[in-house]
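Structure first, then comments.
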Protein chains: 4
Amino acid sequence: MSPRIVDKEEKKKQIIGAAMQVFAKNGLNATKMTDIALAAGIGKGTIYEYFKSKDDIFWGAFNFMMEDMETQMAKKLFKVTDPAEKLVAIIEAFFGSLEMFQDSSYIMFDFWAEGIRKRDDSANNFLKKLYIDYRKLIASILEEGKIAGAFRDIDSNIVASTILGAMDGLILQWILFGQDYDVKKALSEFTNMVLVGIKD
Amino acid sequence: MSPRIVDKEEKKKQIIGAAMQVFAKNGLNATKMTDIALAAGIGKGTIYEYFKSKDDIFWGAFNFMMEDMETQMAKKLFKVTDPAEKLVAIIEAFFGSLEMFQDSSYIMFDFWAEGIRKRDDSANNFLKKLYIDYRKLIASILEEGKIAGAFRDIDSNIVASTILGAMDGLILQWILFGQDYDVKKALSEFTNMVLVGIKD
Amino acid sequence: MSPRIVDKEEKKKQIIGAAMQVFAKNGLNATKMTDIALAAGIGKGTIYEYFKSKDDIFWGAFNFMMEDMETQMAKKLFKVTDPAEKLVAIIEAFFGSLEMFQDSSYIMFDFWAEGIRKRDDSANNFLKKLYIDYRKLIASILEEGKIAGAFRDIDSNIVASTILGAMDGLILQWILFGQDYDVKKALSEFTNMVLVGIKD
Amino acid sequence: MSPRIVDKEEKKKQIIGAAMQVFAKNGLNATKMTDIALAAGIGKGTIYEYFKSKDDIFWGAFNFMMEDMETQMAKKLFKVTDPAEKLVAIIEAFFGSLEMFQDSSYIMFDFWAEGIRKRDDSANNFLKKLYIDYRKLIASILEEGKIAGAFRDIDSNIVASTILGAMDGLILQWILFGQDYDVKKALSEFTNMVLVGIKD
DNA sequence: AATGAATGAGCATTCATTCAT
DNA sequence: TATGAATGAATGCTCATTCAT
């Protein structure tokens, strides 16, 4: 009476997982639908039962990753109240999420290269917006710290973007050098630099 | 020796300049040879008199940019001896070069996304090597500073990569936000943070 | 003998009815199996329990329509003996049948376009044969009329094909213009023209 | 200095000619771009230098045929003034044009099947409009004839559409039976029927 | 019997590259 | 040297059909 039953949402995730590996390895452009199908262990046509296009998979993967990052961040931020600890929590959430997608981390470069040109409306771009959101979050923590007397009188927005930028830069190197790069140490060194640098 | 040679080289640069604009605007993949020809004001076939392939233009552009960066850096480093000043010189050279290619800056994202996967030999990748070179340069300056008693006892390699990463991150934001991003201020704030952070 | 058989046949007709609507609306090519299933209110896979292929449905619909036409014609011809009345009966049967499939009438164009190329044997085509059959039928009536002295000495075959052709042409316009085309009037005008034109 | 020079317009016609043969033989749907390229003796990609899509070729062919028909009609109508002769001129122009495209005549069926569903605006269809134009032309000639006392008091619009329909029907048979169908005789018989039928 | 999830053959179209002029 | 017309390899996507349930 009824055909096989599948958990659509679960299968979407399975395809995204497979696709992320291939995207990471070869880049968006060099990744062929056949490769994704092969990696997912399904037929080429089956992909289209779950995604409208190659692009749809790509941005599906992006959203998947961002959602994970947000979840991790929310969890970590929830536990701490001290501004300095909050900064550390944010930094750790960023890296923690990437760690989850370890072998797909190269995909970040494509997210950047593609995202930068994908515009939501005539003037703005979703990647910019994402950046602005995080900058605001960090800036608000810095303000908290200033009021609490933990940080000196810095320009919160500028320092926030500096911190954000530095994190990106570390992520780049971490992705680039993988195992060979002692990200933990760099991270603690960086965090230290930041905290010392902005301490009151 | 013949003047033709000079013309050839000049025309290659003209094509690279045109190509960089188009690559920056649309990305490597979405850029068609026709677009480049149009932007350069020449015929599509003519491009092949100067470059072997689209890739050849792309990496030609990359080398062009890197050479300019190195030239700027050499010039600035030549003038200073103080380790702290040297760090500032390096940071400024990075941004100065990007400023030169202002309207093509988005091309950086493609250099990253493509470069990360372009391997010179089985194990190593030229982008990695580039990174390692700059890290060594910065680390050596940090060592100088430590010996001179200007910097505290930091792990030079780790801090060097942290500085490099932070610069990348700032560049990303600068590219992303363009005019709206006060890179000079962020830069000075960052430099300040670094120097304070590592000061003895 | 088992009631199942009746159900099967009934369901085939139900599917054909649904399919005809979709074929008529979108054409053979643009009609997808999913559309037919949807229109028939059954699952896509179920169609294959009753038909071998899309083509099978299409030609099933054709046969269904032809059979209806023949039935109507037989009924009408059975009642009359006068050659002129017989001609009118044939003409009316053609249109009567189409009227039955009113909202599927566009399907006729696909029957033509596809049928013309579907060959039963290497040399001949079933649509041709159908045509020849009807031509013979009309010609035989014309001969009757000539013998009875009702029609003048015309070339029966030529006039028959002319009448047949004219009917097709009227049908085309009727389908094309639907409600806006007063087919009854055109029909009576046409019949009049024919009868006057061939009257002894 | 300059690449090979081609007469773009001439080459478009060459491709249309080749395409018409293939369309006629296999129908729009079964015709593959490769077939057209092969028939035209060019590469598959070259077609796209001259046409945007398969559809573009198809409707290009339609327009080509219609333009030829109009040219022929204009030429023939120009020479005559008598209403009865004008009718004959129109009929002959229709057939003359088809004769020109003799071996492509089956394409007419696809023009019908596709054209009927291709709408220019929400309510109307270009094929309908074409029909209406020709009906008007014929009706105006009939009116002329009535005024001149050559035709009896018929409903010009109805008779015009009848004549148009009959022509279509004859064309169908002519296409269907080709050589075996004495279209000249059928035509003269039909013309005769019409003229006798509407004679005052 | 009924279903819709899975599939891959098949095709329109794109575009880097070639080459006749 | 410069050009753009010509090309076909390459690929995203469609959809009739199959088949596990």
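So that the names make sense, note that chain A is the first sequence line, chain B the second, and so on, each numbered from 1.
Counting heavy-atom neighbours within 6.0 Å of B/Lys25 NZ, excluding the residue itself, gives a total of 12 or less.
For the pair C/Asp35 CG and F/dT14 P, the computed distance is 14 Å after rounding to whole Å. For B/Asn29 and F/dA10, the CG to C1' distance is 13 Å, given to the nearest whole Å. One can place CD1 of B/Ile36 at 13 Å from P of E/dC15, the figure rounded to the nearest angstrom. In this structure, A/Asn26 places its CG atom 15 Å from C1' of F/dT11, rounding to the nearest Å. In this structure, the CG atom of D/Leu38 is 12 Å from the P atom of F/dT7, given to the nearest Å. Whole-Å rounding puts the C/Tyr48 OH to F/dT17 P distance at 4 Å. Here E/dT13 presents its P atom at 12 Å from NZ of D/Lys32, a figure rounded to the nearest Å.
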Distances under 3.5 Å only, N/O to N/O: pair up the protein atoms with those of nucleotides 4-8 of chain E.
residue	atom	partner	partner atom	Å
E/dG4	N7	C/Gly45	N	3.0
E/dA6	OP1	A/Lys11	NZ	2.3
E/dA6	OP2	A/Tyr50	OH	2.5
E/dA6	N6	C/Lys44	NZ	3.3
E/dT7	OP2	A/Gly43	N	2.8
E/dT7	OP2	A/Thr46	OG1	2.5
E/dG8	N7	A/Gly45	N	3.1

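A residue-by-residue look at A/Lys54 and C/Lys52 shows that A/Lys54 has its nearest nucleotide of DNA chain F further toward the 5' end. Take the nearest nucleotide of DNA chain F for C/Met33 and for A/Thr31: the residue whose nucleotide is more 5' is A/Thr31.
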Original post:
Checking ring-ring contact (aromatic ring centres under 6.0 Å, His included) for the pair D/Trp59/D/Phe62: CA distance, chi angles, key distance, verdict?
Top reply: CA-CA 5 Å; D/Trp59 294 112; D/Phe62 178 79; 5.5 Å; yes
Original post:
Should A/Met33 and A/Ile57 be marked as a side-chain contact (heavy atoms from CB on, under 4.5 Å) after you check the CA-CA gap, both sets of side-chain angles, and the distance that decides it?
Top reply: CA-CA 10 Å; A/Met33 293 307 275; A/Ile57 307 175; 3.9 Å; yes
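Stem regions annotated for DNA chain E: E:2-21 with F:2-21, counting only runs of 3 or more consecutive pairs of Watson-Crick or G-U type with both contacts under 3.5 Å.
Residue-level contact check: B/Thr34 touches neither bases nor backbone, having no heavy atom under 4.0 Å from any strand.
Taking CE of C/Met20 as the reference point, atom CG of C/Asp110 lies at 11.0 Å (rounded to 0.5 Å).
Side chain of B/Lys118 to backbone of B/Leu127: no donor-acceptor contact under 3.5 angstrom is found.
Side-chain contact check for D/Phe58 versus D/Thr31: every heavy-atom pair is 4.5 Å or farther apart.
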Side-chain donor-acceptor pairs of residues 35-50 of chain A under 3.5 Å, sequence neighbours excluded:
residue	atom	partner	partner atom	Å
A/Asp35	OD2	A/Lys32	N	2.9
A/Thr46	OG1	A/Gly43	O	3.4

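Aromatic ring orientation, D/Phe101 versus D/Phe64: perpendicular (interplanar angle above 60°, classes split at 30° and 60°).
With ring centers used as reference points, C/Phe23 lies 6.0 Å or more from C/Tyr106.
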